[in-house]
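What you see below is based on every heavy atom in this structure, not just the backbone, and it leaves out hydrogens, waters and symmetry mates. The chains referred to below are lettered A, B, ... by the order of the sequence lines, with proteins before strands, and numbering in each begins at 1.
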Protein chains: 2
Amino acid sequence: MASPATRPRRQAPPRHQPEPRFDRQLGKILEHATEVFCNKGYEGASMRDLSRATGMSLAGMYHYFGSKERLLYLIQKHTFSTILSQVRECLSQTTSSEQGIRTFIENHLEYFLEHQQAMKVLSHEDEVLDGEYGREIAHIKREYYRICRDLLDRYKKEKGIEFDSRTAVLSLFGMMNWIYTWYNPRLDGGAGQLSREMGNIFFRGISAGKRNGAGK
Amino acid sequence: MASPATRPRRQAPPRHQPEPRFDRQLGKILEHATEVFCNKGYEGASMRDLSRATGMSLAGMYHYFGSKERLLYLIQKHTFSTILSQVRECLSQTTSSEQGIRTFIENHLEYFLEHQQAMKVLSHEDEVLDGEYGREIAHIKREYYRICRDLLDRYKKEKGIEFDSRTAVLSLFGMMNWIYTWYNPRLDGGAGQLSREMGNIFFRGISAGKRNGAGK
DNA sequence: TTACAATTAGAACGAACGTTCGAACTGTTA
DNA sequence: TAACAGTTCGAACGTTCGTTCTAATTGTAA
C-alpha cells in the first residue's frame, strides 16, 4: 500500500531546460484527475474514469503515475505545498498578529475558491493515504496548522486574553473548510467578502456585527 | 439507482407487539454497518465487509436491506431524524434566542460526540445518495438548517444587529461538523466544554475571551 | 538513414465488486 | 404430525476493479 515517493518520473533530464513540456502536460493531467476525484471521490473514481478524463490511455497513466494512490498523493502534495508557500509569502509582509490571522483567512479562502476542486479533494480524501504518502501529507498539514496556531498564540499574548488555542484554530479551520459543502458564488460573494465575514465572526462573534454595507 | 423507500420489511405485522425483536436486531446491524462505513467510506466498504461486521450472511443483508444504497439511506435517515427531533424537544424549553442557539449548539455537539461514527457517515457521505433517497435526506437537512437560521434571525431582530445569516449559520455548522476530523476526547473535553467554547466564539469571537477556568 | 529511449496503446490478468437465486433451515399454526 | 411463511445461507452471476504485459509508435540525436 505504501511506498516511497520515488518511482517512474524521469531519472536523468538532459542538459536542456528541465522538462518544460513534460511537466506542463503532467500538470494538465493532474488537473483533470482532480476534477474526477472531486466529483466521484477517490474510491468511486476508477483508473478508467481518470484515463478517459485526461485523454491518456490506461497504460499511459501507469507509466506516468505508477498507481492510483500515487496520483492522489501528487495532487494533494502539490495543492498543499502551493497554499502553504503562498500563505508564507503573504504573511511575510504583515506585522500585527490580528492582521496576520486575517491575512491567513483571506489567503486560505482565496486559494480555496480559486481551486475548489483540488481543495475538496484535499479535505474530503484526507484519511485515504497511509504509509509514507500519508505521513508526508500529514506533515505539510501540521506545518500549515502550526502557522495559524502560532499567530493565535502571539495574539493572545499581545492582547493578554485567554482561550483554548487548539479549539479556536480548529474551529476556524472548520468554518473555512466546510464551505466546499455549501459555497454558491451567486449567493456568497467572493473570497474577500467571505473572509471578512468569517474573520469578523472569529474575532468579534456575531454580536458585534452592525457594520454592514461598505466593503466592495 | 434511485428507488422509493418501500421494499422488503414486513408487510403485515400480526396483532402482537409491532416487531420488537426484529427491529432490535435490525438496529444492531445498522450500528455495525455504520462503523464500517465510518472507517472505510461508502465506496470503500464492500457488502462483504458489511456482512462480515454484522455477522449476517451476504444474502441476508439483501433480504433485510435490499441494496447497499438503501443501507446507507437507512443509517442517514435514522441518525438525522433522531438529532432533529431531539433538538426540537430541547428547544421547546427555551425562550431567549441566544439561549436557543446555545442549546442548539450543545445538542448538536452532544449528539455528535455520542454518535461520532454515525455523524461522520452523515457528514462525509453527504453527496452519495441521489434520487428519492437523496431528496429525502436533503429535506431533513434543510429543516435542521432552518431551525438554526430562524433562531439566528430572531436573535438579529431582538438585538437589532445586522450580519449575513446564511454565512453565519453555515460557519457555525462548519465549526461543529469539522470536529469529526480532529476530536480527541483526551485533549478536547466533552460536549459541554466544547459547545461552550464554540458558542463563545460564535457570539463574542476570540477577542472577548479572558473568562477561563471555572465550568467543568 | 539508423539507433535508441520515451511514450502510447490494446488486450489481458486475477481479484473483488454488487447482486441474485434456489435450496436449506427455523419457528409457529393447524 | 404436516404445512407454510419467514429467515438464512452457499454458490454463483456478470461486471468492473487496479494493475501488468508486450508490442507498436513517436521524437530526437548521431
Between B:Y42 and A:G60, who's closer to the 5' end of DNA chain C by nearest nucleotide? A:G60
Side chain of [X] only, please: which of [options] is the nearest?
X	options	result
A:K68	D:dT8, C:dT19, D:dG18	D:dG18
B:Y62	D:dC9, D:dT19, C:dG18	C:dG18
B:R48	C:dT8, C:dG18, C:dA12	C:dG18
A:H63	C:dT7, D:dG18, C:dG18	C:dT7

Once you round it to whole Å, what is the distance between [atom2] of [N] and [atom1] of [X]?
X	N	atom1	atom2	value
B:L26	D:dG6	CG	P	16 Å
A:M56	C:dT7	CE	P	9 Å
A:M47	C:dG10	CE	P	16 Å
B:R70	C:dT20	CZ	C1'	17 Å
A:M61	D:dC17	CE	C1'	15 Å
B:R52	D:dG10	CZ	P	13 Å
B:I29	D:dT7	CD1	P	11 Å
A:F65	C:dT7	CZ	C1'	13 Å

Testing the 3.5 Å rule here: is there a donor-acceptor pair between the side chains of A:Y144 and A:H108? yes
Do B:Y73 and B:E136 get their side chains close enough for a donor-acceptor pair, meaning under 3.5 Å? yes
Can you see if the side chain of A:S57 gets near the phosphate of C:dA9 - specifically, an N or O under 4.0 Å from OP1 or OP2? yes
Counting only side-chain N and O atoms of A:Y64, is one of them less than 4.0 Å from OP1 or OP2 of C:dA6? no
Are B:S67 and B:F65 close enough that some pair of their side-chain heavy atoms sits under 4.5 Å apart? no
Using only atom types and a distance under 3.5 Å, with no angle test, would you say the side chain of B:N39 pairs donor to acceptor with the backbone of B:E35? yes
If you look at every strand shown and take non-hydrogen atoms under 4.0 Å, does A:S46 touch a base, only sugar-phosphate, or nothing? sugar-phosphate
Of A:D49 and A:A59, whose nearest nucleotide on DNA chain D comes first from the 5' end? A:D49
Report the residue (B:G55 or A:G44) whose heavy-atom-nearest nucleotide on DNA chain D is the more 5′ of the two. B:G55
Are any of the side-chain nitrogens in A:R146 or A:E143 under 4.0 Å away from the carboxylate oxygens of its partner? no
